[in-house]
Protein chains: 2
Amino acid sequence: MVLRPATIKDVAARAGVSVASVSRVLNAQGVVGEDVRARVMEAVETLSYVPHSGARSLITRKTDTVGVILPDLFGEFFSELIRGMDLAAREKRLHLIVSSSHDDAEEASFAIKSMRGRVDGLIILSPHLDAAALAASMPRSLPVLLMNGGARDVDRPSITVDNHGGAEVMTRHLLAQGRRRVAHVAGPVGNLEAEARRAGYLAAMAEAGIEPVVLDGDFDQASGFRAGAAIAAMDIRPDAVFAGNDMMALGVLLALQEAGLRCPEDVAVGGFDDVPIASLVRPALTTMRIDIAETGRRALERLVSLIDAAGEAPINHEIVRPTLVARQSSNSSNSGNSGSKSALAQGG
Amino acid sequence: MVLRPATIKDVAARAGVSVASVSRVLNAQGVVGEDVRARVMEAVETLSYVPHSGARSLITRKTDTVGVILPDLFGEFFSELIRGMDLAAREKRLHLIVSSSHDDAEEASFAIKSMRGRVDGLIILSPHLDAAALAASMPRSLPVLLMNGGARDVDRPSITVDNHGGAEVMTRHLLAQGRRRVAHVAGPVGNLEAEARRAGYLAAMAEAGIEPVVLDGDFDQASGFRAGAAIAAMDIRPDAVFAGNDMMALGVLLALQEAGLRCPEDVAVGGFDDVPIASLVRPALTTMRIDIAETGRRALERLVSLIDAAGEAPINHEIVRPTLVARQSSNSSNSGNSGSKSALAQGG
DNA sequence: CTGTTAGCGCATTCAT
DNA sequence: ATGAATGCGCTAACAG
């Protein structure tokens, strides 16, 4: 039942030409006569021939494929990111192999190894992976773009978000709203992004000379909910919460609501990432915006240029600076629905 | 700078054995002496050798890779789905090539063609693709699992959601809450899933002998918002809305809220999919639940069995029946916070 | 148990 | 402008 797919030989035979001519037609190499081209095309069509990518890559030493290693956390952030990468990959006619759900460095290393030889380059987002683990699992010959939290310390090109700076901006913003007891819900321990955000928060609090309050979280909504409930129950209750990411901020929001506290009146809330849903909840969530899809696209494009440069490119570390998006959840001039209508009317 | 990666020959040379032995060790084929195995492993290690997947697939006729074609719509539904597939793929030691953002049949066809030859099988989710387009872009020799809306009509194995039945259940549920004027916000025209849901709604309304009201939407939050605003402004205002998916339902929820209407008191709302956020908004959203990640995992596993069966498998159409999850947004016995705490405490 | 060898499908010299 | 021949890295069949 499963017919052997047509090979270049079959095409050549049917077109009455040599395999070399078929190859030339298909790759637009050299010059080919009009009649030959036509016959080849006809044969390709009727045999529905498609070149064997393996055989081709054996010779060209390219796979036209790039790999993406993602952490366990999924949700809106990563799907947006992949979307951006996918769009860029399509334009460059590249394929995208994804491998997600790696919850520790070992798994991520394994995934990296298993992709070697089948991709031309790799984009790695594994907040658990440090320089040592990375070096161990990758040959220098494979172009790699890091999007890890602590990538700046590593001898590899990278794109990273300025988590520390962003956290400072957010914390200062909450303080500027007149809030004093600003608490922080931290991301998972060992996650470099989470730690940078926490550090930024601590720096801003120290700067303001206010005692910090840090609660544990893991970047998931549920942990934000628990932290929010804990905050609501505190004797000396914080009047603002900076959650390590938007999903936790949403959890905080709900917990506050269920505890009968109003946001922003009683407690202001800020998040990080600006995932699509952030502008769609009520109160709309103040957050640090990262243009996620665009960052994904940039990442892919940089990886491509690394591949093209064949190791001759300088190793530089690009930094994406998140921008503050002040919405309702941190609004101190009380009242209403600011901006929500327009945001949605323009198309979520 | 870019060293040629080590080949099997390099390994053989360093280990002082033949390439055949190296191959045997690596593939656990045949029997190999302990000393040889050790020397090979040592050489593999120090040369950090990794087999060239192209060369291997040339001879084994397998790529150990499966492709996934996704539509333009992204967001939580598809990221969950991919997550499920990815998990299953890892267990089976397969790689996953994804190609998303196809907003029409032509683009999807192109993506399908471009994957031929580099995957062992394909999972296709393209609600725009009909039988004809599909047949045109795929050779019978490639195992394919369809997850399109109208896949039951096609001569290919499939997994589909019972959209029609689910829509009936939801519509009847809203009617059973004592609602009479139940409106429907439809998904994009030409999308088979959307059309099945609309048809299910119409059927249930006809059954109840009530005049249907259908508003246009495109599965995006913003379109739900617009529809919600329109509903709020109607002279004879509906007392319930069944949105074609959860994201539109969220939009409806917000529009109602901004219009000063209460949900569920004034207008009940139901969605479809049960994306993670559905249980986390307030009022929590009543919806038709599909275990998305599990469905993704099933899909991948079925594709694998199709591949293993090498065309000898019967073509069957599996149907996933969504189940009603009645939450606050459709609750007629008014009042509160039902169930929200437990849902979150258990881990969003 | 191990080595030799053919050939997978293709791009690419080198001839013509 | 076209064809014949070579070899990419690997597995498998065959020898030994």
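Chain A is the first sequence line, chain B the second, and so forth, proteins listed ahead of strands; every chain is numbered from 1.
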(message) For a quick test of reading the model: is some side-chain N or O of Arg61(A) closer than 4.0 Å to OP1 or OP2 of dG9(D)?
(response) yes
(request) Measure from the side-chain N and O atoms of Asn191(A) to the backbone N and O of Pro188(A), and report whether any donor-acceptor pair falls under 3.5 Å. (result) no
(request) State whether the side chain of Thr160(B) and the backbone N or O of Ile319(B) hold a donor-acceptor pair below 3.5 Å, judged by distance alone. (result) no
(request) Kindly say if Arg24(A) contacts the phosphate of dG3(D), meaning a side-chain N or O under 4.0 Å from OP1 or OP2. (result) no
(request) Would you please confirm or rule out a distance under 4.0 Å between OP1 or OP2 of dG9(C) and any side-chain N or O of Thr7(A)? (result) no
(message) Please determine whether a side-chain nitrogen or oxygen atom of Ser23(B) lies at a distance below 4.0 Å from atom OP1 or OP2 of dT11(D).
(response) yes
(message) Assess, by modelled atom type and distance only, whether the side chains of Ser57(B) and Arg118(B) contain a donor and an acceptor separated by less than 3.5 Å.
(response) no
(request) Between Val17(A) and Ser53(B), name the one whose nearest nucleotide on DNA chain D is closer to the 5' end. (result) Val17(A)
(request) Just call it for Val36(B): base, sugar-phosphate, or nothing, with non-hydrogen atoms closer than 4.0 Å on any strand. (result) sugar-phosphate
(request) Compare side-chain N and O positions of Ser21(A) against OP1 and OP2 of dG3(D) and report whether any pair is under 4.0 Å apart. (result) yes
(message) Could you tell me how far apart Leu26(B) (CG) and dA12(D) (P) are, to the nearest whole angstrom?
(response) 12 Å
(message) Quick check on DNA chain D: between Glu34(A) and Val19(A), whose nearest nucleotide comes earlier from the 5' end?
(response) Glu34(A)
